[in-house]
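Protein chains get the first letters and strands the later ones, always in sequence-line order, with residue 1 at the start of each.
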Amino acid sequence: MAVEQTPAQAGEQSRIHNIGYRNYDGPRLGRAYARRSLYSQSLRGSYGLGRSVKSKVLPMLIFVVMCVPAAIMVAVAVATTAKDLPVDYTRYAIFLQAVIGLYVASQAPQSVSRDLRFKTVPLYFSRPIETADYVRAKYAALASAMFILTAAPLLVLYVGALLAKLDFSHQTKGFAQGLVSVALLSLLFAGIGLVISAVTPRRGFGIAAVIATLTISYGAVSTVQAIAYNQESTGAIAWLGLFSPITLIDGVQTAFLGASSSFPGEVGPSTSEGVVYLLVVLGLIVGCYGLLMRRYRKVGL
Amino acid sequence: MTVIATESLSKRFPRVTALDRLSMDVGPGVTGLVGANGAGKSTLIKILLGLSPATEGRAEVLGLDVATKGGDIRERVGYMPEHDCLPPDVSATEFVVHMARMSGLPPAAARERTADTLRHVGLYEERYRPIGGYSTGMKQRVKLAQALVHDPQLVFLDEPTNGLDPVGRDEMLGLIRRIHTDFGISVLVTSHLLGELERTCDHVVVVDGGKLLRSSSTTDFTQSTAILAIEVTDTDDHPDGTRAVREVLHARGIDTHDGSGLPGAGHILLLTADGEETYDLVRDIVADLGLGLVRMEQRRHHISEVFKDADDARDEERKEAVGHGG
Ligand SMILES: Nc1ncnc2c1ncn2[C@@H]1O[C@H](COP(=O)(O)OP(=O)(O)OP(=O)(O)O)[C@@H](O)[C@H]1O
Ligand SMILES: [Mg+2]
């Protein structure tokens, strides 16, 4: 498909006018390719790549903030020849939940609100892709971006642990459990962030709404849990954790991924309660996908 | 060959009937879809793109059924919406490349075609700047470019002249004409102004209240009188070339009209052509004066005149099973 330009370079103007229209007879890669392109464009966009310098600052900064504590812990572990890392792999994201919340609050609106606000969505749907392709590409892209954000510090911890010659099988198991946990977290947070952003086309409101949803639900749950703990109604604590995203993840990993609970008194859900947690998490992920589909069906052209 | 065919196509919303048993055939070329606000033009385009199901009837685009082959249709057609659709914070190049990939073009081809297409619509250095700083005319060109970048067989242009000043409007109409003549792409262009489609379209479909009012080839209306439009250059000897030509024509007893109210008025002379000899006469006069002839073209009757009595015709048209012009 190499295209020969005419050698006649008789002045800029005439050259511009002399080049006739060329038809395109190369490949058209269709719907799946378009969906992949949208995925990679959105994923890169979540770190400001292919966007203005200004849009790179926040996501890159958050990424660094996520990784620095892990690097420090590793340095300490290597220097002090500790027996284990100062923090569990599964606990790391819980510690930095505010940073993760800030990331999803800033990047979910930029991923979907812009297209809605500037009415670019109809242009997508005037092409071979369908509503489901758009929703899947956007969802997968943000979830992947969040997975990169949350898994990178775990990788730092793991590599550091191996350098510090900590027990290989123990570390590998913990790392794998941590990865499963942050994968679930990424899917859940991305879904919630996207649904909220998709109904608030003003980006600023979207950011505020996501932050509010995450912090208010967590604040309410942990407060009520603390009250329940003080009144020694420990049975309620595990169930209360069902009502905020981060405590849901905490519950699932306590029940199934060998994590220690960060609930008051470390009373996490039992295995049977954990099944409920897992079902709620999966239900929320599916529900977010369904809500996004409904939202975009209505956008049409 | 039929590019678009509809058969008793209806679209009913809970409160309004946007399309009412519309049947028409559209061939290759530039077709104007004319109608007042709310006539159902945009609704028709959405159905033809396979994005909104018809309540009744059927439609085919490029021989593909809109109800079942929407994806295939959208791969082969382009669409320029009537509303704003451009993100302000990216450049025209980045945006159009992305849209080309959304149409299935591989990355290298997407970049190459974007550069070509932006040049064809008349965007040069500006294309690297964020779209937010563009004028309305430039934004319309970007919107047009994203509809053409994948080299479709047919484009739907929904009110492309919306918001443009007379010069911008003229340029856009010229561009639309070229989409067919130079690029070989068929065009369905909507407008609520009958007049502006006169020079641009081969065929005009008029809809009103979702019903087909008229569908005919523009040349059908123009047989009665031919009006010749000429435009000449100025020279040092004749600083106002147009006036010089007019004076000579008047001296020979030929009346002219300055085309007031039409685009380019003041530089254009209109006269009634009596046949071949009028062309020869004009050519000789211009040559004798040493002027350059910028254009000499046959103007059609203004479509607005043709449709002046559309309201009267409507009732009769409804009685016949209308719809198959051209
Ligand atoms: N999604 C919808 N729900 C309800 N009514 C609709 C919808 N879309 C269009 N309509 C109605 O259908 C009719 C035709 O609308 P349409 O947008 O097709 O007109 P148009 O010819 O494109 O007008 P304009 O020149 O203003 O763009 C209008 O009365 C409009 O209000
Ligand atoms: Mg419209």
Exercise. Heavy-atom distance under 4.5 Å to chain B: side chain of A/R28, backbone, both or neither?
Worked result: both
For this session: Sort B/D89 into side chain, backbone, both or neither according to what part of it lies under 4.5 angstrom from a heavy atom of chain A.
Result: side chain
Problem set entry | Donor-acceptor contact below 3.5 Å, side chain A/Y47 vs main chain A/A145 | yes
Seminar exercise, completed: So, the part of B/Q146 with a heavy atom under 4.5 Å from chain A: the answer is both
Exercise. Side chain, backbone, both or neither: which part of B/R113 has an atom under 4.5 Å from a heavy atom of chain A?
Worked result: side chain
Problem set entry | Which portion of B/H98 sits near chain A, non-hydrogen atoms under 4.5 angstrom | side chain
Problem set entry | Under 3.5 Å donor-acceptor, A/D115 side chain and A/T120 backbone | no
Exercise. Would you say A/Y33's side chain and B/S103's backbone share a donor-acceptor pair under 3.5 angstrom?
Worked result: no
Seminar exercise, completed: Given B/E75, B/R76, B/M80, the one with more heavy-atom pairs under 4.5 angstrom with chain A than any other is B/E75
Exercise. Is B/V3 close to B/L62 at the side-chain level, that is, under 4.5 Å between some pair of heavy atoms?
Worked result: yes
Exercise. Does atom CZ of B/R12 have more than 12 heavy-atom neighbours from other groups under 6.0 Å away?
Worked result: yes
For this session: Sort B/I73 into side chain, backbone, both or neither according to what part of it lies under 4.5 angstrom from a heavy atom of chain A.
Result: neither
Exercise. Chain B heavy atoms under 4.5 Å from A/S37: which part of the residue, side chain, backbone, both or neither?
Worked result: both
Problem set entry | chain A contact via B/L48 - side chain, backbone, both or neither, heavy atoms under 4.5 Å | neither
Exercise. For A/R203, does the CZ atom have more than 12 heavy-atom neighbours from other residues, nucleotides or ligands under 6.0 Å away?
Worked result: no
Problem set entry | Contact origin within B/P107 toward chain A - heavy atom pairs under 4.5 Å | both
Problem set entry | Pair A/Q110-A/S55, side-chain donor/acceptor within less than 3.5 Å | no
